[in-house]
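Labels below follow one simple rule: chain letters A, B, ... track the order of the sequence lines, proteins then strands, and each chain is numbered from 1.
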Amino acid sequence: MPIEAFAIPAPELAKELLSSVIMHGETAGMIVETEAYLGGEDLAAHSSRGLTDRTKVIFGPAGRAYVYLIYGMYECFNVVADLAGTPGCVLVRAVEPLCGLKLMCQRRKMNEPAVRLTNGPGKLTRALAITRRHYGLRLDKGRLVIRRWRTRPIFETQVTPRVGISECADWPLRFVWNGHPYVSRPPEASCAGSCS
DNA sequence: GGTAGGATGGGCT
DNA sequence: GCCCATCCTACCC
């Protein structure tokens, strides 16, 4: 995916990244769930507290990796969106494993592939071996890359509030491949909006 | 099927 | 010192 293609508002990029593929070494997974985080008034976004050593990449040019540690144990992988100077990023919450299943299972200490291999933000980073070492790396080329299919798969996108936040808790910024088995948690029926 | 609690460390008040 | 954009295990229906 060319680097300019990332320089769009985070909600648009979040939709665009559904069905795209994260490739890292021998392993790869297809993105099936994302969340957009904005700047300014979006108090759920790390960037809303201002520019710090941790958040600076979110304020920079698009197409870079924002990886942070959560709960002392898990890494979360985000893709920086928008133009430099405008904070915005997309959290990848779930992928369907495509390549390197055996290696992913080793990393997750599982005997057999199963849905729980990559159906959550902390699980997929561990399976794909994405860590804070990747902070700031560009995702259009190199060892950690995001690619689109030549022809995009056909699916429905469901829009819901984001998971696990208290601020801006009802903003419709979570994007889900409707009905995909690797989605981290089934969307509430009440907030299910849908588009293609 | 469900939920309660603990692990664990960095970022920020 | 408190708060997390989480996950797993234990235990209870």
> Listed in order of residue number, which residues of residues 166-175 of chain A have a non-hydrogen atom at under 4.0 Å from DNA chain B?
Replying inline: none

>> Dot-bracket for DNA chain B, please. Rules: Watson-Crick or G-U, both distances under 3.5 Å, ( ) within the strand, [ ] when a pair crosses earlier ones, | for another strand, . otherwise.
In response: |||||||.||||.

> Would you find a donor on one side and an acceptor on the other, under 3.5 Å apart, between the side chain of A:Ser47 and the backbone of A:Leu38?
Replying inline: yes

> Looking at DNA chain C, which of residues 96-130 of chain A put a heavy atom within less than 4.0 Å of it?
Replying inline: A:Arg108, A:Arg116, A:Gly120, A:Pro121, A:Gly122, A:Lys123

> Distance-only, no hydrogens or angles: does the A:Thr118 side chain make a donor-acceptor pair with backbone N or O of A:Val95 under 3.5 Å?
Replying inline: yes

> Does any pair with a residue in residues 40-51 of chain A pass salt bridge (Lys or Arg N to Asp or Glu O under 4.0 Å), and if so which ones, sequence neighbours excluded?
Replying inline: A:Asp42-A:Arg162

>> Rounded at 0.5 Å granularity, tell me how far CZ in A:Arg143 sits from NE2 in A:His24.
In response: 5.0 Å

> By a strict heavy-atom criterion of less than 4.0 Å, which residues belonging to residues 37-60 of chain A are in contact with DNA chain B?
Replying inline: A:Thr52, A:Arg54

>> Please verify the inter-ring angle class for A:Phe155 with A:Trp177; under 30° counts as parallel, over 60° as perpendicular, anything in between as tilted.
In response: parallel

> Nearest heavy-atom pair of A:Ser20 and A:Arg148: which atoms, and what distance?
Replying inline: OG-CG, 3.5 Å

>> Using the side-chain contact (heavy atoms from CB on, under 4.5 Å) criterion, which residues pair with A:Ala14? Sequence neighbours excluded.
In response: A:Thr34, A:Ala36, A:Val90, A:Phe175

>> Rounded to the nearest 0.5 Å, what separates atom CG in A:Leu137 from atom CG in A:Leu144?
In response: 7.0 Å

> Sequence neighbours excluded, which residues qualify as ring-ring contact (aromatic ring centres under 6.0 Å, His included) partners of A:Tyr68?
Replying inline: A:His46, A:Tyr66

> Between CG of A:Leu51 and CD1 of A:Ile58, what distance do you get to the nearest 0.5 Å?
Replying inline: 9.0 Å

>> For DNA chain B, which residues of residues 63-89 of chain A approach it to below 4.0 angstrom with any heavy atom?
In response: A:Leu69, A:Tyr71, A:Gly72, A:Met73

> Among pairs that include at least one residue of residues 74-86 of chain A, which meet salt bridge (Lys or Arg N to Asp or Glu O under 4.0 Å), considering only residues two or more places apart or in two chains?
Replying inline: A:Glu75-A:Arg132

> Checking side chain to side chain contact (heavy atoms under 4.5 Å, CB included) for the pair A:Thr125/A:Thr131: CA distance, chi angles, key distance, verdict?
Replying inline: CA-CA 7 Å; A:Thr125 51; A:Thr131 72; over 6 Å; no

>> Quick one: does any side-chain atom of A:Arg152 pair with a main-chain N or O of A:Leu18 as donor and acceptor, under 3.5 Å?
In response: yes

>> Is it the case that the side chain of A:Tyr135 and the backbone of A:Arg54 share a donor-acceptor pair, with hydrogens and angles ignored and the cut-off at 3.5 Å?
In response: yes

> If you round to the nearest 0.5 Å, how far is OH of A:Tyr37 from CG of A:Leu91?
Replying inline: 5.5 Å

Can I get a per-line list of side-chain donor-acceptor pairs under 3.5 Å for residues 166-173 of chain A, giving both atom names and the distance, sequence neighbours left out?
none

>> Test your reading of the model: is there a side-chain donor-acceptor pair from A:Arg93 to the backbone of A:Ile31, 3.5 Å cut-off?
In response: no

> Are the side chain of A:Glu33 and the backbone of A:Ser184 linked by a donor-acceptor contact shorter than 3.5 Å?
Replying inline: yes

>> Looking at A:Lys15, is its backbone amide N or carbonyl O close enough to the side chain of A:Thr157 to form a donor-acceptor pair, meaning the two atoms are under 3.5 Å apart?
In response: no

>> Main chain of A:Arg126, side chain of A:Tyr74: is a donor-acceptor contact present, judged purely on distance under 3.5 Å?
In response: no

Is there any protein nitrogen or oxygen under 3.5 Å from a nitrogen or oxygen in nucleotides 1-3 of chain B, and what are the pairs?
none

> Hey, where on DNA chain C does chain A first and last touch, going 5' to 3'? Cut-off is any atom under 4.0 Å from a heavy atom.
Replying inline: C:dC4 to C:dC8

